[in-house]
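First the structure, then my questions, so here it is.
Along the sequence shown, the residues carry numbers beginning at 1. Each ligand, and each atom within it, is numbered from 1 in the order the structure gives.
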Amino acid sequence: MSVPTPHISAAKGDFAKTVLMPGDPLRAKFIAENFLENARLVNNVRGIGGYTGTYKGKEVSVMASGMGMPSMGIYSYELFHFYDVDHIIRVGTAGAIHPDLKLRDVVAGMAACTNSSFVKQYNLPGDYAPIASYRMLRAAEEAAKEKGVDLVVGNLYSSDTFYDDQTDVIPRWQKMGVLAIEMEAAALYMNAARAGKEALAICTVSDIPLTGEGCSSEERQNSFTQMMEIALETAIRL
Ligand code: HPA
């Protein structure tokens, strides 16, 4: 398929080799306006604003993934396959599963478990383990260290449901040492693997589902800034 795609109206070459993907389109706009220089709008199909600008002189793009694996699946596929994007960094929020995690902690998904059937398209003769790019993970760890942020690295759980009929889902993943629940990383990692490209998901802990705790909007903003700085400093190391 050529560009534009069914979901992205940008021209070839409009995206940088590295794209940051928050879930929320308004977050993408905020990142473009507050963290990038000379950001220009390159897509606005369905209100999914895509922006390309520079960070410390390096070209970086930002575009929302939307919520959930089908949405992340579409946008990351089109970026990797039709816009020649090489690296995608998800910058999202997650609910803590691991008891040691606190609100506003920043976690990087070394891998992502999932209840999604996304993997079935590959018809593999066993269970697949979606993993992050080791190179990107190392770059993120280095960037976090430089910022004095304690980046927590481990397993994420990418869920197809935000409202799940089963009430014991989180304790069961907790027993396996999983850090946090979100809804996109596994699809991103699988698309990257299949495309021969690289991806990493970084999330700030916005809530603790087991206790019902959540961040205020101000707390969310501060931890979001830390995560963005780590993501951008990762981008310039690639
Ligand atoms: N569940 C799923 N996705 C999330 C959550 C959650 O509790 N918090 C942030 N993203």
Side-chain angles (χ1 to χ4, degrees), residues 20-31 48 62-76 88-119 130-132 140 144 149-191 199-228 230-231:
L20 270 45
M21 301 193 85
D24 176 358
L26 293 177
R27 268 278 144 86
K29 185 168 188 278
F30 180 88
I31 294 164
I48 297 285
V62 53
M63 187 171 82
S65 66
M67 287 187 286
M69 275 173 280
S71 188
M72 170 57 94
I74 289 169
Y75 292 113
S76 59
I88 294 179
I89 307 176
R90 163 164 158 70
V91 281
T93 57
I97 293 178
H98 198 285
D100 293 347
L101 281 178
K102 303 177 299 301
L103 290 175
R104 293 180 288 147
D105 279 349
V106 185
V107 300
M110 185 154 71
C113 312
T114 187
N115 63 350
S116 154
S117 57
F118 194 91
V119 72
I131 57 168
V149 177
D150 185 18
L151 185 68
V152 186
V153 178
N155 223 340
L156 295 174
Y157 169 52
S158 301
S159 178
D160 259 353
T161 48
F162 186 88
Y163 301 105
D164 203 292
D165 206 43
Q166 299 176 74
T167 53
D168 63 340
V169 168
I170 288 178
R172 286 157 74 188
W173 288 108
Q174 193 180 60
K175 283 191 217 165
M176 294 304 288
V178 171
L179 295 179
I181 177 171
E182 51 82 78
M183 304 184 76
E184 293 82 17
L188 173 62
Y189 289 179
M190 285 188 255
N191 271 349
L200 175 67
I202 307 174
C203 295
T204 60
V205 173
S206 59
D207 59 286
I208 305 181
L210 281 178
T211 64
E213 282 173 89
C215 276
S216 69
S217 53
E218 194 188 336
E219 286 171 332
R220 243 175 223 252
Q221 194 58 51
N222 291 341
S223 55
F224 176 76
T225 298
Q226 274 192 336
M227 172 178 63
M228 278 317 306
I230 294 169

Closer than 4.0 angstrom: is that true for some heavy atom of Ser159 and an atom of ligand 1?
-> no
Partners meeting side chain to side chain donor-acceptor pair (under 3.5 Å) with Ser159 (sequence neighbours left out) | Thr161
Atoms of ligand 1 under 4.0 Å from any heavy atom of Ser206, numbered from 1 in the order shown, are 8 (N), 9 (C)
Quick one: closest heavy-atom pair of Leu101 and Leu179, and the distance?
-> CD1-O, 3.2 Å
Please set out all donor-acceptor pairs under 3.5 angstrom arising from side-chain atoms of residues 68-76, sequence neighbours excluded.
from, atom 1, to, atom 2, distance (Å)
Ser71, OG, Ser65, O, 2.6
Ser76, OG, Met72, O, 2.7
Ser76, OG, Asn191, ND2, 3.0

Could an N or O of ligand 1 be found under 3.5 Å from any N or O of Asp207, whether backbone or side chain?
-> yes
Measure the distance from atom 10 (N) of ligand 1 to every protein heavy atom, then report the residue, atom name and distance (to 0.1 Å) of the closest one.
-> Thr93 O, 3.5 Å
If only atom types and distance count, is the side chain of Thr114 paired as donor or acceptor with the main-chain N or O of Ser158 below 3.5 Å?
-> yes
Can you pull out the closest protein heavy atom to atom 4 (C) of ligand 1? Residue, atom name and distance to 0.1 Å, please.
-> Ile181 O, 3.6 Å
Side chain Tyr157, main chain Ile170, donor-acceptor under 3.5 Å = no
Check Leu103 against Gly214 and note the closest heavy-atom contact, atom names and distance.
-> CD1-O, 3.6 Å
Considering only heavy atoms of Pro209, which atoms of ligand 1 have at least one such atom less than 4.0 Å away?
-> 7 (O)
Have a look at Gly23, Gly95, Ala180 and point out the one with the heavy atom closest to atom 5 (C) of ligand 1.
-> Gly95
